[in-house]
Structures are given as C-alpha cells and as structure tokens.
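Position 1 is the first residue of the sequence, and the numbers go up from there. Side chains included, hydrogens not; waters and symmetry mates left out as well; all remaining heavy atoms used. Computed from a prediction, not measured in an experiment: that's the story for all the values here.
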Amino acid sequence: MQACRFLPNGLMDGNWRLETAEGAFALKQITDVPLPLARRNVAVLSELADAGVPVGRPAGETVAEVAGRGHCLIPWLEGDHRPGTDLSLDQAGDLGVLLGQIHRGLNDERTACLLPPERSQW
C-alpha cells in the first residue's frame, strides 16, 4: 500500500482512501447494519453498476469480516460531497435524473430479487 487516509466526512461508517499499486480504493468499515444486510447492499451495488448507474462496483470479496467487523473495498470514484444548497439548478436536475436511474435500477427484476419485500426480514 502506498497511502492510507481516513475520511472524516462519512455519515455512518468509517471510511478510508487507500492508494495501492492496483489503484485507489475506498475502504468502508461497516458499522450501521448487520453483515448479511451489508452483503445484500453490496450485491445491489453491482447490479446497479450493471444497469449503468454510476456507482462503485465492489472489488473482490463483497464484505470481508475482520475481527467481527465488516469491511468493503470499492474502487475510488473521484468527486466531492456537496450540500444540496450548493447545487445549481442544472446540477439539481442532473441529480434528479441520477436518482431516477437508481430507482429504475432498484426496480429491475435482477436487482429487485435481492431486495426483501419488507424490512422486517432483516
């Protein structure tokens, strides 16, 4: 590994940017959901990527358990986190289009079969 930097702006989990000979990756330490649900969520990311939604496709083992905690490795996607109030009207429109793509992808039969009909199953 060439570099490792903690990212303090994560909303729910611990996140790091890793620089390696293979490229840059986001390492997420999963703390907000049980590991079976985390594995399901990561599988959904792969399906969304297949559907053309610009999301990071997980690298290798979807969720690795280390010392009782789940970790997920995703290729790094350049960008920044901006508050909605900082978006122009065109950018807000683009965000709306992206949200529509995500919803269509989640309702695709390949993805929908991964999602439980109710939250109570988790």
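Open room surrounds CD on E22; 12 or fewer heavy atoms of other groups in view lie less than 6.0 Å from it. The number of heavy atoms from other shown groups lying within 6.0 Å of CZ (R5) does not exceed 12.
Pairing each heavy atom of C4 with each of L18, the nearest pair is SG-CD2, 3.5 Å. Looking at every heavy atom in both residues, Q91 comes nearest to L87 through OE1-CA, 3.4 Å. A pairwise comparison of heavy atoms in C72 and V42 identifies SG-CG2, 3.7 Å as the closest pair. Across every non-hydrogen atom of E47 and T111, the tightest pair is CB-OG1, 3.2 Å. For the pair P58 and L45, the tightest heavy-atom approach, listed with the atom from each and the gap, is CD-CB, 4.3 Å.
Here A26 pairs with W76 under the side chain to side chain contact (heavy atoms under 4.5 Å, CB included) rule; sequence neighbours left out. Contacts of A92 classified as side chain to side chain contact (heavy atoms under 4.5 Å, CB included), with partners at least two apart in sequence or in another chain: none.
No chain of hydrophobic side-chain contacts below 4.5 Å, direct or via other Ile, Leu, Val, Met, Phe, Trp or Tyr residues, connects V53 to L77. Neither V66 nor I30 shares a network with the other; the hydrophobic side chains, linked directly or stepwise wherever heavy atoms of I, L, V, M, F, W or Y lie under 4.5 Å apart, form separate groups for each.
Ion pairing between R17 and E78 holds under the 4.0 Å rule for side-chain N and carboxylate O.
Here the OG1-CG distance, from T20 to L27, works out to 11.5 Å after rounding to the nearest 0.5 Å. To the nearest 0.5 angstrom, F6 atom CZ is 9.0 Å from Q29 atom CD.
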Going by atom type alone, with no hydrogens or angles, which donor-acceptor pairs under 3.5 Å involve a side-chain atom of residues 94-110 and a protein atom two or more places apart or on another chain?
residue, atom, partner, partner atom, Å
N107, ND2, H103, O, 2.9
D108, OD2, R110, N, 2.9

